Amino acid sequence: RKEVEQDPGPFNVPEGATVAFNCTYSNSASQSFFWYRQDCRKEPKLLMSVYSSGNEDGRFTAQLNRASQYISLLIRDSKLSDSATYLCVVSTGTASKLTFGTGTRLQVTL
Amino acid sequence: GAVVSQHPSWVICKSGTSVKIECRSLDFQATTMFWYRQFPKQSLMLMATSNEGSKATYEQGVEKDKFLINHASLTLSTLTVTSAHPEDSSFYICSARDLGRYTGELFFGEGSRLTVL
């Protein structure tokens, strides 16, 4: 079983739609959780950290369920510019050592 | 602006040659940097942790004699792919954490795309 699993997609949604991604992790000792965004042939960039209480940043909402070991990302009112691959990232132990999921590809269309 | 800079962005080389990739932290010191590799449509895989002033720590399955890492200063780590072969063609990305920022965010370099002919 992979340490971090994501549905690779692609998710094709129209502009304005709400879309949700889930991610599961296998190590119950994982401590930190993040969503990164990666555009084609570019480096990943931090989208948001994920906290146990859930957190929101504009149109983006992230939630963590430690009991079920999954993380979610909700994007409301999708924009064309949201088209990218969204990487679920988990850290266990040393906070800077990250394990990446394969990513979920989102394509927002007109 | 970028806080971690990588060079070169693209490199094409012949099989058997060695290629050096530089990773620099800008405006902050990084005692630890991380090197990742990403094949097409796959996730980033951690190759090694680069430690300033000491030996790098390699992940299982990564050959340390193949991928030489040197972290000679607090702002520079280098990855040298020795005797490169076509199967080494990949996207190599470094990262470093700016502990001076309240978020402690991990920043990535722009990546270096290596093509071995």
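Just so it is clear, the values below take in all heavy atoms, side chains as well, and ignore hydrogens, waters and symmetry mates. Because the structure is predicted, anything quoted here is derived from the model rather than measured.
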Distance-minimising heavy-atom pair for B/Glu110 and A/Glu43: CA-OE1, 3.5 Å
Contact residues of residues 100-110 of chain A (partner chain B; heavy-atom separation under 4.5 angstrom): A/Phe100, A/Gly101, A/Thr102
Verify same cluster id: B/Trp35, B/Val19 (apolar side-chain graph, 4.5 Å): yes
In one Ile/Leu/Val/Met/Phe/Trp/Tyr side-chain cluster, 4.5 Å: A/Ile71, A/Val19: yes
B/Glu87 atom CD, over 12 foreign heavy atoms within 6.0 Å: yes
OH/A/Tyr51: more than 12 non-hydrogen atoms of other groups inside 6.0 Å: no
Under 4.5 Å from any heavy atom of chain A - which part of B/Gln6: neither
Same apolar cluster (I L V M F W Y, side chains within < 4.5 Å links), B/Phe108/B/Leu114: no
Verify same cluster id: A/Leu73, A/Leu80 (apolar side-chain graph, 4.5 Å): yes
Residues, nucleotides or ligands: over 12 heavy atoms within 6.0 Å of A/Glu5 CD: yes
Residues which pass side chain to side chain donor-acceptor pair (under 3.5 Å) with A/Gln63, listed by chain and number, not counting sequence neighbours: none
Which portion of B/Phe91 sits near chain A, non-hydrogen atoms under 4.5 angstrom: side chain
Heavy-atom check, side chain of A/Leu98 versus side chain of B/Leu44, under 4.5 Å: no
Within residues 4-49 of chain B or reaching into it, pairs that qualify as disulfide bond (SG atoms under 2.5 Å apart) - sequence neighbours excluded: B/Cys23-B/Cys94
Neighbours of chain A found in residues 68-81 of chain B - heavy atoms under 4.5 Å: none
Close side-chain approach of A/Val4 and B/Ser43, heavy atoms under 4.5 Å: no
Which atoms of A/Gln6 approach chain B - backbone, side chain, both or neither, heavy atom under 4.5 Å: neither
Exceeds 12 heavy-atom contacts within 6.0 angstrom, atom CE of B/Met45: no
Joint hydrophobic cluster, B/Val11 plus B/Phe67, side-chain heavy atoms closer than 4.5 Å: yes
Over 12 foreign heavy atoms within 6.0 Å of NZ, B/Lys66: yes
Proximity breakdown for B/Leu46 and chain A, heavy-atom pairs closer than 4.5 Å: side chain
